[in-house]
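A quick write-up on the structure given underneath.
Numbered from 1 within each chain, the chains take letters A, B, ... in sequence-line order.
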2 protein chains.
Amino acid sequence: MSTHDHRKSRITLLDVARHANVSRATASLVIRKSPLVGAATREKVEQALKELGYVYNMGAASLRAERSNTIGVIVPTLGNPFYGELLSGIDNIVGEAEMVVILANSGEQFSRQSLLLQRMREHGVDGVIASLTAETQPDCIEQIADWGLPVVQVLRHVTGKLDYAGVDYAGGMQQAVDYLASLGHEDIAFAVHGPVHSAYRHRVDGFRGAMLERGLDPELIVRVPMTMPQIAQAAPLLFEQERQPTAAICFNDVIALGLAAGLYDCGRTVGHDFSLVGFDDVADAEATRPRLTSVSSTPVTVGQNAARLLLERIAEPHRAPQQIVSKTYLKIRQSCGPAKAFAI
Amino acid sequence: MSTHDHRKSRITLLDVARHANVSRATASLVIRKSPLVGAATREKVEQALKELGYVYNMGAASLRAERSNTIGVIVPTLGNPFYGELLSGIDNIVGEAEMVVILANSGEQFSRQSLLLQRMREHGVDGVIASLTAETQPDCIEQIADWGLPVVQVLRHVTGKLDYAGVDYAGGMQQAVDYLASLGHEDIAFAVHGPVHSAYRHRVDGFRGAMLERGLDPELIVRVPMTMPQIAQAAPLLFEQERQPTAAICFNDVIALGLAAGLYDCGRTVGHDFSLVGFDDVADAEATRPRLTSVSSTPVTVGQNAARLLLERIAEPHRAPQQIVSKTYLKIRQSCGPAKAFAI
DNA sequence: CTGAAAGCGCTTACAG
DNA sequence: CTGAAAGCGCTTACAG
């Protein structure tokens with residue numbers, strides 16, 4: 001193959017060293033900003049570096065140093081803007097540490113996730129941040145840690161033996177329920193969808209707990225489809241329950257936005273005839289009318305936490321597993337109003 | 001540092017070869033699925049691979065083979081869901097090729113973009129897909145190609161000397177203008193924001209061209225802010241122009257969604273009092289009421305095109321620069337209605 | 001179809 | 001503070 005025949009033959013550290021009249025080891029020290037090398041020598045070498053247009057070969061360095069300055073990130077989807085923000089947060093911190101992220105998308109498929117994990121291992125990543133699929137068993141993921149590959153779980157918690165950065169979903173649910181209750185709502189639905197992972201269970205448990213605490217019926221849980229138009233069409237489901245809810249909390253903003261649209265289609269006025277609380281507080285929560293009240297789950301912060309946890313773990317492989325659970329906060333806008341009796 | 005002392009000492013190809021009673025070169029051939037090796041030998045080696053739990057060391061292979069099976073992707077932001085979909089498309093194709101993507105976010109900053117490009121080069125990526133910042137000059141990016149690093153431009157076109165995968169923005173504008181004109185609109189605004197790059201200019205030029213073609217005033221271009229709430233607040237700007245528009249085409253759906261909200265706040269009924277066409281057709285276009293009519297720019301497809309172009313370029317470095325410009329299509333929903341005279 | 005040798009470009013002890 | 005040597009784990013010609 002002539003794949004690389006246009007590639008200029010590489011300038012190596014040895015070339016630089018010769019040009020500067022030092023040994024290769026010295027040049028290496030200069031590059032890595034070691035304090036062991038004298039100012040004059042450093043100067044000479046840096047000059048040579050520039051004159052020759054030297055490019056550091058991370059691959060070669062990795063091979064020797066057994067560290068690639070690369071971390072893997074596995075997300076279950078890139079369709080939800082929430083994950084874009086999470087990635088932003090991760091990218092911030094990883095970039096600051098002069099490392100680089102290898103991104104992959106599992107599509108919520110366990111088998112694909114395994115493949116990606118394997119691929120990342122072959123690429124020699126220094127660690128992995130993953131939002132694991134619902135099917136992931138604790139031993140599966142602990143085994144990866146046994147490979148010597150640090151893993152931090154993000155958003156979805158599978159095992160207590162590994163680091164985790166997530167969101168206090170139960171607390172968020174509590175905030176949503178408290179708020180609706182303060183407006184007089186008693187029949188509150190919880191609209192959910194998607195695979196049943198820890199983030200799902202924590203939300204459901206949080207909802208049930210908060211409702212029970214107030215002596216309210218915690219069983220008004222309705223499952224809706226995945227895509228926007230389907231969710232909108234499913235809005236009438238809310239009223240086919242045994243008890244008629246006057247408000248709904250949504251698993252995420254995708255559902256909230258979809259239901260808001262569907263309720264509109266049914267002739268309901270959100271914030272007046274019916275109250276709606278979203279979850280995540282994505283950018284578009286601000287763009288619908290009425291503006292969507294939503295529990296913010298601060299994805300950028302969660303991403304940053306996960307990245308910090310991973311960097312710390314890499315530096316200190318044997319410390320006890322850490323957890324950082326971010327508080328949510330309720331962003332009150334216009335989609336909720338006081339409860340009132342109304343006829344269908 | 002004891003960073004890696006928990007790492008099991010690695011099984012190498014040599015270990016495998018010994019275990020299978022063959023030479024290292026033979027084991028290497030088996031791994032790379034070369035047809036040169038006999039079935040019996042292959043069997044033996046594959047057995048050994050499994051028994052020892054061998055993990056391929058891509059880093060070592062890269063060093064020797066001068067190919068990392070890694071490609072770099074630089075996006076200007078991760079906040080817009082549009083880029084999430086673009087990444088999905090890239091990830092598909094790159095993953096199929098058993099390669100991996102290194103992701104970075106330039107934040108629309110040229111200096112950061114330069115840093116990232118350099119970093120990717122040091123990591124030895126086989127090529128880069130980049131949505132370049134507005135300040136990027138042709139020579140800057142051509143120089144990168146001179147490094148021997150294949151680059152494909154995505155969405156934003158800087159130079160004809162390198163591959164490009166994009167969208168027929170001018171065609172999309174034509175579709176939007178034609179559609180609004182067919183509804184009787186004559187005073188059509190174009191709402192824009194953000195940095196002035198090729199994708200920006202092509203849209204503006206497309207708008208102007210399409211308007212002129214019909215003898216309509218092409219100068220109703222209004223700049224709005226970047227964030228959702230600010231855009232909504234800026235909606236009245238539409239009516240502070242010399243001529244009162246009865247419709248607006250938006251640079252992207254973020255603007256369209258923001259303006260739709262702002263128009264609602266002004267007491268206008270979108271699709272009735274005022275017509276709105278978005279651009280990109282993101283998921284939420286389906287979720288607002290009235291549903292947003294939008295020019296779809298098929299981001300997943302564009303991502304796939306860019307990735308294919310890059311893989312081809314890597315295989316064939318000397319072929320002429322290619323361009324793949326995807327057609328847009330108008331997704332008609334509910335946000336446009338017939339033009340009619342109305343008093344403010 | 002298989003083997004022995006060299007080398008990709010670094011970093012790491014070890015001397016001095 | 002600097003240098004000479006070894007080696008990270010693979011692939012690549014080159015023989016046979």
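To the nearest angstrom, P of D/dC8 lies 18 Å from CG of A/N57. Separating the CG atom of A/L29 from the C1' atom of C/dT11 is a distance of 9 Å, rounded to the nearest angstrom. Computed from coordinates, the A/E122 CD to D/dC10 P distance equals 10 Å when rounded to whole Å. At whole-Å resolution of the value, CG in B/L36 and P in D/dT12 are 12 Å apart. Computed from coordinates, the A/L63 CG to D/dG9 P distance equals 7 Å when rounded to whole Å. One atom, CD of B/E66, and another, C1' of C/dG9, lie 10 Å apart when rounded to the nearest Å. If you take CZ of B/R67 and P of D/dC10, they are 18 Å apart, rounded to a whole angstrom. Atom-to-atom, CZ of B/R10 to C1' of D/dC8 comes out at 10 Å; the value is rounded to the nearest Å.
Here the CD1 atom belonging to A/I102 is positioned 6.0 Å from the NE2 atom belonging to A/H123, to the nearest 0.5 angstrom.
In terms of position along DNA chain D, the nucleotide closest to A/T41 lies nearer the 5' end than the nucleotide closest to the other residue of the pair A/T41 and B/Y54.
Under 4.0 angstrom from either OP1 or OP2 of D/dT11 there lies at least one side-chain N or O belonging to B/S28.
Checking D/dT11, D/dA6, D/dC10 against every side-chain atom of A/R64, the shortest atom distance belongs to D/dA6. Counting only heavy atoms from C-beta on, B/R32 has its side chain closest to D/dT11 among D/dT11, C/dT12, C/dG9.
A/V167 approaches A/V325 most closely through the heavy-atom pair C-CG1, 3.6 Å. Listed here is the closest heavy atom pair of A/S326 and A/T298: CB-OG1, 4.1 Å.
A salt bridge links A/E312 to A/R319: one of the charged nitrogens lies within less than 4.0 Å of a carboxylate oxygen. Taking 4.0 Å as the cut-off between side-chain N and carboxylate O, B/D91 and A/R112 count as a salt-bridged pair.
Contacts between residues 12-25 of chain B and DNA chain D, defined by a heavy-atom separation below 4.0 Å, involve B/T12, B/L13, B/R24, B/A25, listed by number.
Here A/V55 lies in heavy-atom contact (under 4.0 Å) with sugar-phosphate atoms only.
Under 3.5 Å, the side chains of A/Q47 and A/H19 contain no donor-acceptor pair of N or O atoms. Looking only at atom types and distance, the side chain of A/N69 has no donor-acceptor partner in the side chain of A/S62 under 3.5 Å away.
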Under the 3.5 Å Watson-Crick or G-U criterion, the dot-bracket string of DNA chain D, with | for inter-strand pairs: |||.||||||||.|||

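Considering only heavy atoms from C-beta on, B/Y54 comes within 4.5 Å of B/I31 through its side chain.
With a 6.0 Å radius and a threshold of 12 heavy atoms from other residues, nucleotides or ligands, B/E43 has its CD atom at or below the threshold.
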